[in-house]
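These notes are about the structure you will find just below.
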Amino acid sequence: MTDPSWIHGALVAARPQAVGALLRYFRDLDTAEEAYQEACLRALNTWPRNGPPRDPAAWLIFVGRNAALDRVRKDSRFDALPDEDRLSDLDDAEHAAAERIDSGDYRDDVLRLMFTCCHPDLPATQQIALALRIVAGLTVPQIARAFLVGDAAMEQRITRAKARIGAAGIPFETPNAVERAERLAGVAAMLYLIFNEGYSVAGDQAAAALCDEAIRLARLLLRLFPAEPEMMGLLALMLLQHARSAARFDATGEAILLDDQDRARWNPAMIAEALALIDKAMRHRRPGPYQVQSAIAALHARAATPDATDWPQIAQLYAALERMEPSPVVTLNRAVAVAKVAGPEAALDLIAPLADRLDNYFHYHGARGGFLLQAGDHVGARRAFDRAVSLARTPAQAAHIRAHLDRLMQAR
Amino acid sequence: MLYAIFCYNDEAAVGAWSQEEDEAVMERLAAVQAPLAAAGRLGPVARLLPTTAATTLRKGREPIILDGPFAETKEQLLGFYVIECESLDAALDVARDLAIANPGTGSYEIRPIRYYAPNAATDI
């Protein structure tokens, strides 16, 4: 029973519930975090000896609360509370604590903790950093590595974010149904930001961990709100994208396009889980952007070979997404599907009105170059690819477009 | 006697394992299964997707379909084994070995099987 990995798993799993309950109790983020840290230290000390408690989250909440209160009570006339070494044998004390925190409280505690991190005053990068620190429990150096900044800079970023939400005030009243739905939507968007932060960086371990965390937190949220089709869609979307992670980059870190990926290296368990979630979400007949995006990703995942991809269906789904959330990037993606169904000219017509708004967007020029090349306009394709290279954000993006340019040069 | 061993654990804790940890646990569990398989005593083995992928149909005049598992519990059914054992003690020994291979939180429920049709479709 000395293997620490199960303790680590139990502590990480209990963290959102425990910190969320302690936050409700102390109404202060730093106090809640310190109380949780103290409880973890005591768990590392007593759990290997006594075995795991029956309800780790309740144990951590109980012990964390007592540890924080002890500090206040030391000099007062109140009797000391039983220490946690005896406590873990005292099933009734633990049970009483667990019973007082019913599942409804758990739900709103976790949601509040996550929602606190997506305060609109915070820029996206601070929201993500804060959520990874407070909700997921990643260390500052872990987060700093994922964002490619120094530890001190990240520490400062998180401290500043905490000060801002402290000044703005955390909403402690129990949310009504409308507020709960708004909070869920805000948290869902934040989880997808975390995922994309990890997804956008090539084959980097620290960044890939962000994808795992986003998926883990989305599963937790869906367990608490099991009948939310958009949460199912979001989790499915992230699983389908993450399922390809082993196939997305070659040994030199160059991006491998979907068409060229070795589909045998896609993760079948993640795909199966995602498809099950999409099936469940469809039953609710309440479509939303995450469900549509996950349905598109599922059509790619279901195709055994690139040629078997159901492009007409994908083009339709992008059109549906365009109606729900009009954006030039969605139109650009629809154009890629339209090019497969109706040819490059139709795609070029579709993206022509986007030229101004997407002029500084790498993927616009990359895709446009591809359409022009297909249409036989080599001079236009070259110009578009040159522009894409100048806008590339990563070496892999630039290398990918240069490969097109090299082929164009050879064709001449 | 045939026994089912049902594996219960907090799926959030299992979900917090890193891929390396997960693979290491699966490898140790496979080592427990190997001698049973070699002796022809191992039946179906299943690891289930998370309960968020589950749907429940509650019977009634109009069956009700609910998202999620049958019951909301602190530990969830995450998988099961079917094994052939001479006695409860022998089945408990297997469960003990599984618990050593995968220590920490969770439980194994040992449940004797009343009716077993591994190839039900071809038997009918």
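Chain letters run A, B, ... following the sequence lines, proteins first, then strands; residues in each count from 1.
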> Which bit of B:Ala24 is near chain A, if near means a heavy-atom gap under 4.5 Å: side chain, backbone, both or neither?
Replying inline: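 Contact with chain A involves no heavy atom of B:Ala24 at all.
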Given heavy-atom pairs under 4.5 angstrom as the criterion, report whether the side chain, backbone, both or neither of [X] touches chain B.
X: A:Leu220; result: neither
X: A:Arg216; result: side chain
X: A:Met232; result: side chain

Under a 4.5 Å cutoff for heavy-atom pairs, which residue among [options] has the most contacts with chain A?
options: B:Thr52, B:Leu49, B:Val25; value: B:Thr52
options: B:Pro69, B:Ala13, B:Gly106; value: B:Ala13
options: B:Glu11, B:Gln19, B:Arg47; value: B:Glu11

>> For A:Trp6 and B:Trp17, I'd like to know if the aromatic rings sit close, meaning centre-to-centre distance below 6.0 Å.
In response: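 Centroid separation for A:Trp6 and B:Trp17: 6.0 Å or greater.
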> For B:Met1 and B:Ser87, what are the C-alpha separation, side-chain angles and deciding distance, and is it a side chain to side chain contact (heavy atoms under 4.5 Å, CB included)?
Replying inline: CA-CA 7 Å; B:Met1 183 97 194; B:Ser87 65; over 6 Å; no
> What are the two closest heavy atoms between A:Ala295 and A:Ile278, and how far apart are they?
Replying inline: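 Nearest heavy atoms, A:Ala295 then A:Ile278: N-CD1, 4.3 Å.
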> For the residue pair A:His242 and A:Phe195, does the interplanar ring angle fall in the parallel (under 30°), tilted (30 to 60°) or perpendicular (over 60°) class?
Replying inline: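 Rings of A:His242 and A:Phe195: perpendicular, as their planes differ by over 60°.
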> Would you call A:Lys280-A:Glu228 a salt bridge at under 4.0 Å N-O?
Replying inline: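 Between A:Glu228 and A:Lys280 there is no salt bridge, as every charged N stays at least 4.0 Å from the carboxylate O atoms.
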>> Is it the case that atom NE2 in A:His284 sees more than 12 heavy atoms from other parts of the structure closer than 6.0 Å?
In response: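 Yes.
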